[in-house]
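Lettering of chains follows the sequences in order, A, B, ..., and the numbering in each one begins at 1.
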Amino acid sequence: MSTIISPDICPAMPDVAAARLPPALLIANFADVHPPLSLDQSAIEAARCYFCHDAPCVAACPTAIDIPGFIRAIASGNLAGAGQRILSANILGGTCARVCPTDSLCQGACVRRTQQNQPVAIGALQRVATDHVLARAQATGSHPFTRAAPSGRRIAVVGAGPAGLACAHTLSRAGHEVTIFDAKPKPGGLNEYGIAAYKMADDFAAREVAFILGIGGITLHPGQTLGDDLDLASLRDEFDAVFLAIGQAGVNALTIPGETRANVLNAVDFIADLRQAELSRVAIGRRVVVIGGGNTAIDAATQALRLGADLVTIAYRRGRTEMSATGDEQTWALTNGVALRLWSAPVAIEGDEAVRAVRFARTRLDTDGQLKLTGEHFTLEADMVLKAVGQTLAKHPPQMDACPLPQIVGGRIAVDPLTRETSVPGIFAGGDCIAGADLTVQAVEDGKRAAAGIIGFLAAGATPHG
Amino acid sequence: MVDLRVNFAGIKAPNPFFLASAPPTDKAYNVTRAFRAGWGGVVWKTLGEDPPVVNVSSRYGGVGFGGQRLMGLNNIELITDRPLELNLQEIKQIKRDWPDRAMIVSLMVPCDEASWYSILRRVEETGADGVELNFGCPHGMSERGMGSAVGQVPAYVEMVTTWCKQHSRLPVIVKLTPNITDILLPAAAAQRGGADAVSLINTVQSIASVDLDLMAPTPTVDGYGTHGGYCGPAVKPIALRMVADIARDPATSGLAISGIGGIASWRDAAEFIALGAGTVQVCTAAMHYGFRIVEDMIDGLSNWMDQKSYPDIASFTGRAIRNYVHWEDLDLAWKTIAHIDEAACIGCGLCHIACEDTAHQAIVPRQSGGRRSYAVIETACVGCNLCHHICPVTGCITMQAPAAQLPRQTWRDHPNNPLRREIDPA
């Protein structure tokens with residue numbers, strides 16, 4: 001557990017600066033937040049698993065990893081077999097071991113939780129096994145999965161995040177050739193740009209992508225944005241099928257006065273910069289206000305503190321039970337020293353050129369469950385504001401001339417629940433751009449299902465050209 | 001207050017918890033610590049003739065289970081490797097320092113009368129309370145015609161016991177090897193030789209494990225291994241059966257018994273005593289946790305006896321023997337049925353899959369109130385008890401006997417038994 005030390009509060013405002021903490025402390029603050037279990041720790045933990053039949057943890061995992069099976073393999077010292085079991089169900093099992101909200105998925109369903117309120121540490125065990133397989137693949141230059149005979153079919157995947165990578169890997173195993181296009185310079189999507197650094201320490205996102213691409217048959221084209229550099233019609237023409245895993249590139253605005261003042265940032269941009277920059281070059285305010293109630297707000301707030309901010313407040317317009325951040329994430333932020341202001345809706349960002357404060361209206365639920373303003377107001381000093389009030393499909397819908405557009409429902413691409421095929425034949429979609437839980441593990445499942453859908457589509461002899 | 005004092009074959013001790021002849025009782029330093037901790041007596045590690053034996057490095061193989069260490073312990077150590085005179089001096093001094101504790105000396109010398117005569121004389125001079133004849137050690141000594149090489153031949157057991165009774169006034173306890181088909185034969189031989197008691201079991205011949213890198217049995221000595229003697233919790237059921245057989249058989253039931261084999265708690269001890277043991281001997285548990293384990297043994301046994309109104313050890317010694325019957329005396333008509341407490345069930349499904357795959361397909365999953373639970377098909381359940389043992393929740397699966405049972409019928413008079421006894425129609 002790293003420590004957080006802040007210098008004395010300085011009254012000068014606005015105060016936004018980099019390198020608030022000495023380099024060694026910054027490194028400690030952003031090091032692996034849950035270091036891997038030792039062999040003894042994993043043996044003790046693995047022995048706690050009851051090896052349930054038709055296990056509740058498996059039912060709770062969107063990718064249906066054989067959890068009792070891989071834990072039994074760990075207990076017997078068969079780490080390679082354990083890792084293979086995990087990765088055959090979820091090729092991003094290494095990321096999921098680090099970032100899954102296990103308290104609401106597998107560990108929430110663990111019978112040990114029912115019995116003793118202490119589930120088996122499934123995520124930590126999964127990391128032991130996947131780390132083992134990835135390290136061995138890296139050391140030997142081999143890959144634990146083989147490809148079927150070449151099919152001669154080519155599939156375009158748009159987006160190199162978890163959904164795109166999972167889909168590409170599954171298709172490659174089936175013998176298809178995959179081309180992945182991604183808007184960013186690096187692959188990995190939110191794993192590379194969107195998750196708190198201390199969860200993905202030691203460049204894990206990049207190492208995992210290299211592992212996944214190690215199967216072969218997957219070509220990566222970075223810096224290619226759909227709508228700017230690519231158009232759907234050409235992709236349909238050029239490839240046998242298309243998988244859209246474009247995430248949610250847009251962010252919601254607060255739509256309150258003062259939102260354009262300096263030092264008012266989107267939390268996703270702040271996190272992305274933090275992931276890519278030298279920690280000592282990331283500027284942070286002394287008093288930081290984070291607006292929102294999801295895991296992005298938690299990641300932004302906790303990292304702001306660990307960069308050396310004095311006071312970080314998450315302001316959310318409803319109560320803790322309504323926050324989309326999981327219970328464990330909320331506890332994590334509070335343990336780090338983040339202040340939580342509930343029932344507080346921002347009404348104005350005050351200051352001059354730069355932000356100096358945020359004005360909030362107090363809220364409450366009225367008897368019919370509607371959020372109402374109480375008429376009371378308060379102001380929080382701030383020299384930096386991080387907005388984390390949700391994301392959207394894209395800033396502007398991509399131009400897709402001469403091609404029917406996939407139907408969009410409720411701001412997400414509509415898909416067949418089984419095959420993940422969109423309203424346009426041969427075009428499939430998954431991950432955060434479709435409706436569902438915005439989780440890495442769900443994105444992986446989307447990618448797997450879409451790959452199965454595409455394989456079925458190709459086997460039926462269909463082409464996107466009809 | 002219950003009375004834990006014992007008088008075992010004339011050997012008195014403040015409680016029935018003795019340390020078995022083994023490394024914990026090899027020298028004065030350890031035994032002093034044991035008596036300070038509260039042990040009622042010790043059986044000093046086996047003495048032999050000079051020059052002393054030489055032991056190897058390493059000496060133990062451990063068997064773990066489900067994350068727990070030393071479910072079983074295998075050793076290839078021999079008898080004491082210290083000079084006889086040094087051991088005798090220390091025994092004498094300890095007995096003088098701790099007069100209320102039992103001091104039993106384990107012995108193993110070659111199978112000739114003069115050797116036994118000689119060592120018995122010297123042991124008597126120490127003031128020790130009794131001797132235990134080591135006829136059980138299954139490795140190292142047996143190859144030299146001692147230990148289990150004697151214990152496996154009832155005639156030798158009888159012969160050496162007879163010598164010891166002739167040449168010593170001390171109570172003689174014969175330690176029996178389990179590495180034999182019928183434990184009653186050496187027990188009866190000891191009795192014929194005049195033994196005051198038997199102690200059992202000695203260790204079971206074993207290979208603890210195989211080192212798959214070295215491709216050698218463990219423990220390894222410079223890349224090689226040998227078979228050893230197995231003890232610890234894993235052997236307790238084997239020991240209980242042998243103790244009970246001796247206590248039940250009319251021919252041997254008069255022998256005092258010191259129970260040995262995987263005893264780690266007061267409950268283990270109470271089970272041995274209930275099957276006829278007058279004292280118990282402990283080794284592996286002490287080697288695992290140290291001598292302080294005796295504190296809860298004394299305290300726990302006292303509390304349990306108090307609760308059950310047993311005033312002393314003798315009042316429940318052998319109390320379970322009357323209920324230890326032969327299989328053909330069990331009532332074939334009596335039934336129990338598994339019952340699952342839905343509120344206690346945590347939904348692991350182990351009872352279902354065990355019954356489904358390996359038993360009688362009598363437990364089915366079902367949904368109740370949004371959570372999964374399991375139910376017993378009473379007509380399919382044979383009352384085998386497997387689910388009860390598998391369930392990780394204490395008290396969740398219970399075996400319940402219906403009040404209405406068919407008339408008692410044993411195999412002795414069952415129609416399927418070709419050798420059934422004829423029932424007198426009158």
Donor-acceptor pairs between chain A and chain B under 3.5 Å, which ones?
| from | atom 1 | to | atom 2 | distance (Å) |
| --- | --- | --- | --- | --- |
| H53(A) | N | C348(B) | O | 2.9 |
| D54(A) | O | R372(B) | NH1 | 2.6 |
| D54(A) | O | R372(B) | NH2 | 3.1 |
| D54(A) | OD2 | R372(B) | NH1 | 3.1 |
| Q115(A) | NE2 | P392(B) | O | 3.1 |

- Task: Would you mind telling me which of A354(B), A344(B), P365(B), C348(B) has the largest number of heavy-atom pairs within less than 4.5 Å of chain A?
- Result: C348(B)
- Task: Quick one: list whatever passes side-chain contact (heavy atoms from CB on, under 4.5 Å) with A109(A), sequence neighbours left out.
- Result: P56(A), A60(A)
- Message: Check this for me: L39(A), atom CG, are more than 12 non-hydrogen atoms of other residues, nucleotides or ligands nearer than 6.0 Å?
- Response: no
- Can you name the residues that form a salt bridge (charged side-chain N to carboxylate O under 4.0 Å, His left out) with D32(A), not counting sequence neighbours? R127(A)
- Task: Go through the structure and list residues passing side-chain contact (heavy atoms from CB on, under 4.5 Å) with R449(A), not counting sequence neighbours.
- Result: L418(A), R420(A), E445(A)
